[in-house]
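What follows is a short report on a single structure.
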Amino acid sequence: IFYLFATLLVAGATHENTQWYQASFSYLGMTQSNSRYVFNLGLPFTGLLIIIWNIYFMQMFQILVDEGVVTPGAKKAIGRFILTIGILLALVGIVRFGLGLMFNIIHDISATGMGIATGLLMLLAHRYVDRLPRVFYIYSVVAVILIIIAIPLKVLGYYSLTGLELTAFFMCGIWLLVFYRNIEQLVEQI
């Protein structure tokens, strides 16, 4: 999560157009961008880190499965959600926006799909692991609601695409960190 935020920060800070944020984060990775290498290498690397981290995260979940806290199906579903998030994040950097219609569609589907996969995981976390603190589940729903509220604000012109992306990155990134920490604490308690 830190590497993702660092990639976006460095790419945005080094971009020659100081008004890049009026377009979107994808603008940072376009062919004519001087920060395209930071963006287009940073996102796939971050996706790879998430995929690798998922392997270790699932080892913690195996303890929860062995102790009967979560079902094998719940472990598999959470692992697939996180794997999907990592793959889609990598695709956002690999498939650059602005190279043609097909690339734009793949890029946009990857970015949107990553957000949807994370949002679904946030909403379904209580079904998969029901022994986390109640405040975590409330936070999960509130975070998804805030992201959903940002969508019509963007459509109505009160919010930019970059603002929507930043809201989603921030909410989803923090949520993943909090989710990991809560699972880690649950494993320690068991």
Side-chain angles (χ1 to χ4, degrees), residues 1-8 25-26 42-95 105-152 154 164-190:
I1 300 304
F2 171 77
Y3 196 82
L4 173 62
F5 288 129
T7 296
L8 297 175
F25 276 112
S26 297
L43 292 184
F45 185 71
T46 304
L48 180 63
L49 289 176
I50 289 173
I51 293 166
I52 293 168
W53 166 74
N54 188 42
I55 296 167
Y56 296 101
F57 193 44
M58 289 301 104
Q59 289 176 349
M60 273 200 289
F61 264 93
Q62 188 58 48
I63 295 168
L64 298 177
V65 169
D66 293 344
E67 296 297 323
V69 176
V70 298
T71 65
K75 174 190 173 226
K76 185 182 290 186
I78 290 170
R80 286 183 178 165
F81 270 115
I82 295 172
L83 181 64
T84 300
I85 292 164
I87 290 169
L88 292 175
L89 178 61
L91 279 174
V92 171
I94 293 169
V95 181
I105 291 170
I106 294 169
H107 178 90
D108 288 346
I109 287 173
S110 298
T112 304
M114 177 181 51
I116 290 170
T118 308
L120 286 173
L121 179 58
M122 293 164 80
L123 291 175
L124 296 173
H126 74 284
R127 292 189 71 200
Y128 296 135
V129 186
D130 61 359
R131 299 217 358 221
L132 299 178
R134 179 176 162 87
V135 69
F136 172 74
Y137 302 121
I138 293 169
Y139 166 67
S140 300
V141 172
V142 168
V144 171
I145 289 170
L146 290 173
I147 294 168
I148 290 172
I149 288 172
I151 294 169
K154 189 270 179 231
L164 173 62
E165 292 169 335
L166 196 55
T167 300
F169 282 146
F170 182 76
M171 291 298 198
C172 294
I174 297 300
W175 184 87
L176 280 171
L177 291 173
V178 172
F179 182 53
Y180 170 76
R181 187 65 184 129
N182 275 282
I183 295 299
E184 187 178 49
Q185 287 176 347
L186 183 59
V187 168
E188 288 172 4
Q189 289 171 4
I190 290 171

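Just the heavy atoms: all of them, side chains too, but no hydrogens, waters or symmetry mates, feed the values below.
Of all the heavy atoms in S110 and L91, the pair that sits closest is OG-CB, 3.4 Å. When all heavy atoms of V92 and M114 are compared, the pair lying nearest together is CG2-CE, 4.5 Å. G113 and L88 get closest at one heavy-atom pair: C-CD1, 3.4 Å. Scanning all heavy atoms of the two residues, the minimum distance from L164 to A150 falls at CD1-CB, 3.5 Å. G79 approaches N54 most closely through the heavy-atom pair O-ND2, 3.1 Å. Shown here for V187 and M60, the closest heavy-atom pair between the two residues is CG2-O, 3.6 Å.
Between the CD1 atom of I85 and the SG atom of C172 there is a distance of 7.5 Å, given to the nearest 0.5 Å. The CD1 atom of I94 sits 10.0 Å away from atom CD1 of I87, with the distance rounded to the nearest 0.5 Å. Separation of atoms OG1 (T118) and CE (M171) is listed at 13.5 Å; rounding is to 0.5 Å. Taking CG from L83 and CZ from F57, the interatomic distance works out to 13.5 Å, rounded to the nearest 0.5 Å. To the nearest 0.5 Å, the span separating CG on L43 from CG on L48 amounts to 12.5 Å. The distance from atom CG of N182 to atom OH of Y139, rounded to the nearest 0.5 Å, is 10.5 Å.
By the 4.5 Å heavy-atom criterion applied to side chains, L177 and Y180 are not counted as neighbours. You'll find the side chain of F81 reaches within 4.5 Å of the side chain of Y128, heavy atoms only. Proximity of T71 to V65: side-chain heavy atoms (C-beta onward) are nowhere separated by under 4.5 Å. The shortest side-chain heavy-atom distance between T167 and I149 does not fall under the 4.5 Å cut-off.
Remark: of the listed residues L146, V144, I145, V144 is the sole one forming a side-chain contact (heavy atoms from CB on, under 4.5 Å) with I148. Results of the side-chain contact (heavy atoms from CB on, under 4.5 Å) test with V70 over V129, I78, I63 single out V129 as the only residue that passes.
The environment of CZ in R80 is sparse: at most 12 heavy-atom neighbours from other residues, nucleotides or ligands sit within 6.0 Å.
Looking only at distances, no side-chain donor or acceptor of Y137 sits under 3.5 Å from a matching main-chain atom of A125.
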